[in-house]
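FYI, the numbering just counts along the sequence from 1. Side chains included, hydrogens not; waters and symmetry mates left out as well; all remaining heavy atoms used.
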Amino acid sequence: MASNGSDDQVLIEENQYVRTLTLNRPRQLNALSHRMISLLLKAFADFKEDPTVKLVILKGKGRAFCAGGDVAAVAHSVTEGHWGLGAAFFRDEFTLNYIMATYRKPQVSILTGIVMGGGAGVSIHGKFRVVTENSVFAMPETALGLFPDIGASYFLSRLPGFFGEYVGLTGVRLDGAEMLACGLATHFVSSAKLPLLEEALMKVDTTDPSVISAIIDRFSQKVHVKAKSAYNRLDIIDRCFSKRTIEDIKSAIELEAVKGAEEWISAAIQSLNKASPFSLKLYLRSIREGRLQGIDQCLIREFRMVCHVLKSEVSRDFFEVSGNKSLASTGCRAILVDKDKNPKWEPSKLELITDEMVDRYFTSVDDEGWVDLNLTSIQRNSKL
């Protein structure tokens with residue numbers, strides 16, 4: 001392992017034409033710190049310019065691939081300083097997401113264990129996503145006073161039917177088989193075979209995706225989703241989550257509960273009732289716009305949205321402000337910091353949220369020195 005920075009939060013292994021990046025914060029479930037994002041940005045930039053690098057493998061150390069961005073640290077940095085500190089984190093994170101989405105060299109992400117939030121951002125945009133029987137995927141942001149970002153409005157909107165609305169609004173956990181079935185994963189490989197897969201990938205000397213896919217195919221297997229999986233009820237999901245508003249979606253899913261008390265329906269209703277009302281409104285509009293946009297447009301828009309969240313202009317669900325003292329966000333405090341799981345959302349009800357309040361989060365940020373996420377230079381270089 002070659003050291004990459006004094007704290008070794010990302011380890012790099014060089015093997016002929018292959019570079020393996022290992023997220024190395026196992027005690028924090030490899031949650032992405034700003035330092036890790038910076039190291040990954042540098043690594044992908046270096047690999048792009050190195051003609052000997054043909055393949056990039058990304059994995060996590062320990063029992064998680066990556067449990068998301070370290071939003072608790074972001075919340076702390078903002079409360080101790082300025083909202084722009086949080087914006088800098090997301091600017092670099094979204095830039096990394098775009099680089100991965102447009103990278104000319106194939107990326108194989110080995111998604112063992114937990115894959116949530118920002119962990120999806122550094123993997124789902126890549127060419128190959130390998131899951132196992134231990135993989136667990138979720139986008140839990142609406143329970144934190146945030147919204148599924150990292151380009152989620154792009155890749156979740158492209159799942160079958162309105163499954164992406166269901167996944168993002170409820171924060172439901174998907175296993176490896178469900179990830180493969182809906183397209184979040186490209187291959188399912190038993191965890192027992194992962195060492196053999198990695199050994200085979202180390203011999204790659206080409207950037208040809210078909211060759212790499214064929215190698216992974218040798219170790220992959222067909223799997224079926226569990227009988228009680230919500231993915232088997234796409235007809236109900238499409239009927240409910242295709243509705244125009246959150247209020248209509250909740251009414252539709254509650255009506256389905258009256259018809260028959262399936263476990264996943266009850267869980268979905270409970271999740272919707274516990275989530276931040278404002279976050280639900282934000283994400284529904286975000287994914288609806290994302291369905292008609294490219295990855296660059298989605299990330300630029302999501303960066304605007306997250307900056308408004310950090311500024312707490314309409315909703316204070318990510319940051320409560322009392323007088324001159326900023327406190328930890330309700331979502332972060334309740335779920336990640338104090339862990340009492342009792343967030344106090346404001347606005348507290350869907351009916352208190354107007355279209356104009358939501359509209360504001362999709363506009364440019366009116367703050368001195370703020371600029372949109374700029375992906376122009378990356379777009380230009382990716383065409384070279």
Side-chain angles (χ1 to χ4, degrees), residues 1-25 30 32-62 65-66 92-112 115 118-131 151 185-187 189 193-220 295-296 375-384:
M1 289 288 186
S3 174
N4 192 359
S6 59
D7 46 14
D8 291 333
Q9 292 189 18
V10 176
L11 303 176
I12 301 178
E13 181 181 0
E14 299 181 4
N15 196 308
Q16 292 186 307
Y17 301 103
V18 181
R19 300 294 181 268
T20 302
L21 299 170
T22 302
L23 305 180
N24 188 36
R25 294 181 77 205
N30 297 319
L32 292 174
S33 65
H34 204 163
R35 174 66 174 162
M36 292 173 78
I37 292 169
S38 298
L39 293 171
L40 289 170
L41 282 168
K42 183 179 187 306
F44 273 81
D46 291 345
F47 299 161
K48 177 181 179 294
E49 300 300 328
D50 188 343
T52 66
V53 178
K54 307 294 184 182
L55 170 67
V56 179
I57 298 174
L58 185 62
K59 61 182 183 178
K61 186 175 183 179
F65 170 75
C66 176
D92 286 347
E93 184 182 26
F94 291 5
T95 298
L96 177 63
N97 298 152
Y98 184 74
I99 287 172
M100 290 178 166
T102 58
Y103 212 58
R104 296 179 68 90
K105 299 179 181 182
Q107 173 185 339
V108 175
S109 298
I110 300 177
L111 307 180
T112 54
V115 186
V122 295
S123 59
I124 302 301
H125 294 298
K127 186 70 174 177
F128 301 105
R129 291 91 61 192
V130 179
V131 294
T186 58
H187 297 80
V189 177
K193 293 183 179 180
L194 287 180
L196 295 175
L197 170 61
E198 290 188 55
E199 183 180 348
L201 289 173
M202 292 302 170
K203 300 174 183 177
V204 166
D205 62 356
T206 178
T207 59
D208 187 345
S210 63
V211 173
I212 296 166
S213 183
I215 292 174
I216 305 175
D217 285 341
R218 285 171 22 209
F219 301 91
S220 65
I295 181 59
D296 54 340
L375 302 174
T376 304
S377 61
I378 301 171
Q379 292 169 328
R380 184 168 58 248
N381 292 335
S382 66
K383 295 177 182 179
L384 299 178

Under the 3.5 angstrom rule, does the side chain of [X] hit a backbone N or O of [Y] as a donor-acceptor pair?
X      : Y      : answer
Thr186 : Arg129 : yes
Ser213 : Pro209 : no
Asn30  : Lys61  : yes
Arg19  : Gln16  : yes
Gln107 : His125 : no
Asn97  : Gly121 : yes

For this session: Could you name each residue pair satisfying ring pair (Phe, Tyr, Trp, His ring centres under 6.0 Å) that touches residues 195-216, not counting sequence neighbours?
Result: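 Passing the test, one end in residues 195-216: no pairs.
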For this session: Keeping to residues at least two apart or across chains, list the ring pair (Phe, Tyr, Trp, His ring centres under 6.0 Å) pairs with something in residues 35-55.
Result: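 Checked against ring pair (Phe, Tyr, Trp, His ring centres under 6.0 Å) - neighbours excluded - the pairs reaching residues 35-55 are Phe44-Tyr103.
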Looking at every heavy atom in both [X] and [Y], which two are closest together, and how far apart are they?
X      : Y      : answer
Asp296 : Tyr98  : CB-CE1, 3.6 Å
Val131 : Ala185 : CG1-CB, 3.6 Å
Cys66  : Gly118 : SG-C, 4.4 Å

Problem set entry | Set of salt bridge (Lys or Arg N to Asp or Glu O under 4.0 Å) partners for Arg25, sequence neighbours left out |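 For Arg25, the residues satisfying salt bridge (Lys or Arg N to Asp or Glu O under 4.0 Å) (neighbours in sequence not counted) are Asp70.
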Exercise. Would you say Lys105 has more than 12 foreign heavy atoms packed within less than 6.0 Å of its NZ?
Worked result: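 Yes, because the 6.0 Å sphere around NZ of Lys105 holds more than 12 heavy atoms from other groups.
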[X]: what forms a side chain to side chain contact (heavy atoms under 4.5 Å, CB included) with it, not counting sequence neighbours?
X      : value
Thr112 : Ile110, Thr132, Leu194
Asp205 : Tyr17
Leu196 : Glu199, Phe219

Problem set entry | Criterion side chain to side chain contact (heavy atoms under 4.5 Å, CB included) on Thr20 and Leu201, from CA distance to verdict | CA-CA 10 Å; Thr20 302; Leu201 289 173; over 6 Å; no
Exercise. Does the side chain of Ser210 come under 3.5 Å of the side chain of Asp208 through a donor N or O and an acceptor N or O?
Worked result: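 Yes, side-chain donor-acceptor contact under 3.5 Å.
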For this session: Measure the spacing between CD of Glu14 and OG1 of Thr52 and express it to the nearest 0.5 Å.
Result: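 The distance works out to 8.0 Å.
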